[in-house]
Amino acid sequence: MTPAETRAESWSESDAAEAPASEPVAPPVDPGDRTPDGAARDAGPGVAAATTDAATGSDEAGGADAATRPRRWGRRRQDLTVFGLFLLAAVWVTSQIWVDPAGRVASLYSSDPAQVQFFLAHSVRVVLHGEFPFFTEQFNYPDGVNLMANTAILALGIPMVPVTLLFGPAVTFVVLVTLALAGTASAWYLVLSRHVVHSPLAAAVGGWFCGFSPAMLSHANWHPNIISQFLLPFIVWRVLVITRSARPWRDGVLLALMVTAQAFINEEILLFTALACGVFLLAVLAQRPALWSTAWRPLAKALAICTVLAGSLLAYPLYVQFAGPMAYHGLSDAVRDYGNDIAAFFAPGSPTIGGDERANVNLAPNYSEENAFFGWSLALIAVGIVAWLRREMLVRALAATGAFFAVLSLGERVSWWDRELFTGPWEWLVRLPLLDAVVPTRFGLITSVVVGILLALAVERSRALPLERRTLRTLTVAGLVLALLPIAPMPLKVTSRPPVPDFITADRWRGYVGEDQTLVPIPVPNMGHTHGMRWAASTNLDFKIPGGYFLAPRNGNTGDPGRFGGRPSGVGQLLEEVASTGRIPKLDDRQRRRSLDELRHWRAAILVLPVGQHHSEQLRRTVEQLVGPGRRELDVWVWDVRALTDRPA
């Protein structure tokens with residue numbers, strides 16, 4: 001019997017009470033729950049207890065070589081090597097954007113990066129000018145935008161203020177994407193290597209997939225808030241630790257601080273983490289109901305203090321989000337029914353070596369939401385891992401968790417190769433509080449993490465197979481190549497975008513726009529035209545703009561269902577149509593009066609049209625019908641409308 005088995009057999013409740021929280025003690029292991037080599041299969045409620053041996057440093061499977069390698073190499077150097085490789089991989093993925101951060105953006109959609117850059121500039125104003133962090137009037141003036149109800153990423157933007165000030169929000173954006181990919185992979189590697197597996201290779205494989213899965217690569221094009229998951233492994237681990245904690249109050253405080261920080265990165269991912277932990281623990285308890293008797297007390301204490309502390313810290317921000325100005329309830333209908341096609345789980349993601357954008361066109365809502373896309377080989381290998389290790393409680397619980405959220409990710413209508421089959425279970429959940437603000441396809445992110453942990457466990461367990469060392473190494477490498485090569489990350493595809501006009505960067509606008517006035521970009525900023533938001537971000541939001549790309553209540557009525565953009569704008573719709581079609585409309589006096597009323601509502605000082613704007617001549621002639629002739633200044637056309645829009649004293 002190994003030392004680890006001796007500890008498991010001699011476990012008692014008094015031992016558990018004396019154990020430090022960072023080294024959870026395993027409950028007794030049933031004789032039937034052992035691997036063929038005699039090692040314990042299951043050790044307790046969830047990962048925390050199932051991996052006691054890893055946390056305490058024993059290694060019966062690796063033998064003397066595994067014991068001497070850490071001493072020879074040094075864990076710190078080993079970790080730094082893995083972190084460095086992850087960072088190099090992240091730089092590789094973002095390399096095409098690094099060539100010109102201000103002039104390049106991920107292809108297909110450029111709106112989300114512009115929105116993120118606007119939020120990064122808002123963080124600068126919070127730090128330098130003490131602006132209110134949860135609401136702004138710098139876009140969608142005068143209604144403003146509820147930033148807590150959008151993804152303002154304050155927990156990322158505020159620490160990055162020095163970078164934004166020195167290099168601009170475009171550089172900060174690509175820095176965040178790079179660090180998010182590498183940081184998430186590194187965080188999962190740390191947790192897996194310290195608490196779940198002994199093998200550094202196994203932990204690196206698991207961390208790699210959690211950080212560079214096709215779903216993460218898809219969001220890397222547009223959503224640094226979604227891929228910044230470096231806190232999640234520690235949140236998950238602390239949740240599992242408190243089920244057997246000797247210091248539940250302290251552990252609850254630690255958990256509350258991490259939860260609060262994650263809430264200011266992305267609340268949706270935090271909700272996913274809570275749901276995944278809940279489903280996983282239920283899957284464990286369904287197999288071992290007796291564990292509840294020892295787990296509920298520390299769990300209840302830790303969650304109580306976590307709820308009180310995190311609730312206190314987040315009470316006011318959440319009040320602003322759900323009851324403050326421009327709050328909305330429920331997502332826009334445009335994204336509420338986003339779901340994965342079943343076939344998406346078997347196709348490689350578009351940003352991977354085996355990906356095909358054309359083949360994936362009907363398998364995901366869009367290219368920024370490819371939240372499955374494991375490829376045939378990895379999908380089959382994941383099923384094979386579950387079948388191989390099915391006697392392990394940990395694997396069964398992981399499989400149940402991954403499958404549960406894979407089904408939810410299918411959305412309200414389950415389809416196969418874009419052919420609707422039947423109504424999905426999400427139809428029954430979509431109207432529940434909190435869940436009504438969830439994009440269902442993103443539940444696939446949970447399944448991706450489960451697959452990453454299963455890969456780590458498979459590499460770890462393979463070391464105990466009764467095979468010659470060279471053969472075992474060959475088979476392990478071959479399996480990893482078969483699973484991961486088809487979905488190996490490629491550099492994100494980019495396209496060029498127009499530079500911020502010299503009129504903006506040279507501060508020529510300052511001679512026109514007062515503190516309570518707006519600069520109106522042409523076309524008026526909206527979901528499809530976000531260049532004006534980049535102009536404002538490049539000045540750290542020193543001027544206000546109307547419109548923009550954000551989530552707000554319909555028609556600007558607080559409490560209504562959400563939609564993209566603010567109140568419908570006649571001027572905005574008119575100029576957007578001209579920008580799209582190139583057709584110049586004939587405007588009558590009634591349309592001119594309504595347009596002037598909108599400009600007065602916006603407190604417009606100037607209208608600005610870049611000379612290089614698509615259909616700029618048609619747009620210029622249309623604006624001239626509204627407010628008269630403009631004049632060229634540097635690389636833009638400018639219309640000074642202060643005489644038309646200034647309200648009488």
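Because only heavy atoms are used, hydrogens play no part in the values below, and waters and symmetry mates are left out as well, while side chains stay in. Quick caveat, the model's predicted, so the values are computed rather than measured. Starting from 1, each residue takes its place in the sequence as its number.
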Next on the checklist: Taking Asp100 first and then Arg497, would you say they form a salt bridge - that is, a charged N and a carboxylate O separated by under 4.0 Å?
Outcome noted: no
Item to check | Any donor-acceptor pair under 3.5 Å from Arg534 side chain to Pro498 backbone | outcome: yes
Checklist entry - Is there a donor-acceptor pair closer than 3.5 Å between any side-chain N or O of Tyr328 and the backbone N or O of Ala149? => result yes
Next on the checklist: Treating Thr151 as the side-chain partner and Ile153 as the backbone partner, does any N or O pair qualify as donor plus acceptor under 3.5 Å?
Outcome noted: no
Checklist entry - Do the side chain of Asn150 and the main chain of Asn146 share a donor and acceptor less than 3.5 angstrom apart? => result yes
Item to check | Min side-chain heavy-atom separation Met490-Gln96 under 4.5 Å | outcome: no
Next on the checklist: Can you confirm whether Leu408 sits close enough to Pro425 that some side-chain heavy atom of one is under 4.5 Å from a side-chain heavy atom of the other?
Outcome noted: yes
Item to check | Minimum side-chain heavy-atom gap Leu181-Ile227 below 4.5 Å | outcome: yes
Next on the checklist: Can you tell whether the side chains of Glu392 and Arg461 come within less than 4.0 Å, N to carboxylate O?
Outcome noted: yes
Item to check | Expected output: side-chain Ser228 to main-chain Pro224 donor-acceptor under 3.5 Å | outcome: yes
Checklist entry - With His122, which residues qualify under ring pair (Phe, Tyr, Trp, His ring centres under 6.0 Å), at least two apart? => result none
Item to check | Those residues that, when tested against Leu282, pass side chain to side chain contact (heavy atoms under 4.5 Å, CB included) (two or more places apart) | outcome: none
Next on the checklist: Set out, in order, the CA-CA distance, both residues' side-chain angles and the distance that settles side chain to side chain donor-acceptor pair (under 3.5 Å) for Glu267 and Gln321, then state yes or no.
Outcome noted: CA-CA 11 Å; Glu267 292 176 315; Gln321 176 176 344; 3.0 Å; yes
Checklist entry - Of all heavy-atom pairs between Ile353 and Ile487, which one has the smallest distance, and what is that distance? => result CG2-N, 4.4 Å
Next on the checklist: For a salt bridge (Lys or Arg N to Asp or Glu O under 4.0 Å) check, start with the C-alpha distance between Asp341 and Arg413, then their side-chain angles and the critical distance, and finish with the verdict.
Outcome noted: CA-CA 9 Å; Asp341 192 294; Arg413 290 176 294 278; over 6 Å; no
Checklist entry - Taking only residues at least two apart or on different chains, which pairs with a member in residues 398-424 satisfy ring-ring contact (aromatic ring centres under 6.0 Å, His included)? => result Phe405-Phe443
Next on the checklist: Go through it in stages, so that I can follow the logic: the residues are Thr441 and Ser409, the test is side chain to side chain donor-acceptor pair (under 3.5 Å), and I'd like the CA-CA distance, side-chain angles, deciding distance and then a yes or no.
Outcome noted: CA-CA 4 Å; Thr441 175; Ser409 77; over 6 Å; no
Checklist entry - Centres of the Phe139 and Phe550 rings: under 6.0 Å? => result yes
Next on the checklist: Between Thr352 and Gly349 (side chain of the first, backbone of the second, donor and acceptor by atom type, cut-off under 3.5 Å), is there such a pair?
Outcome noted: yes
Checklist entry - At their closest point, which heavy atom of Leu120 faces which heavy atom of Gly157, and how far apart are they? => result CD2-CA, 3.7 Å
Checklist entry - Hey, mind stepping through Glu268 and Asn266 against side chain to side chain donor-acceptor pair (under 3.5 Å) and telling me if it holds? => result CA-CA 6 Å; Glu268 186 178 36; Asn266 187 276; 5.0 Å; no
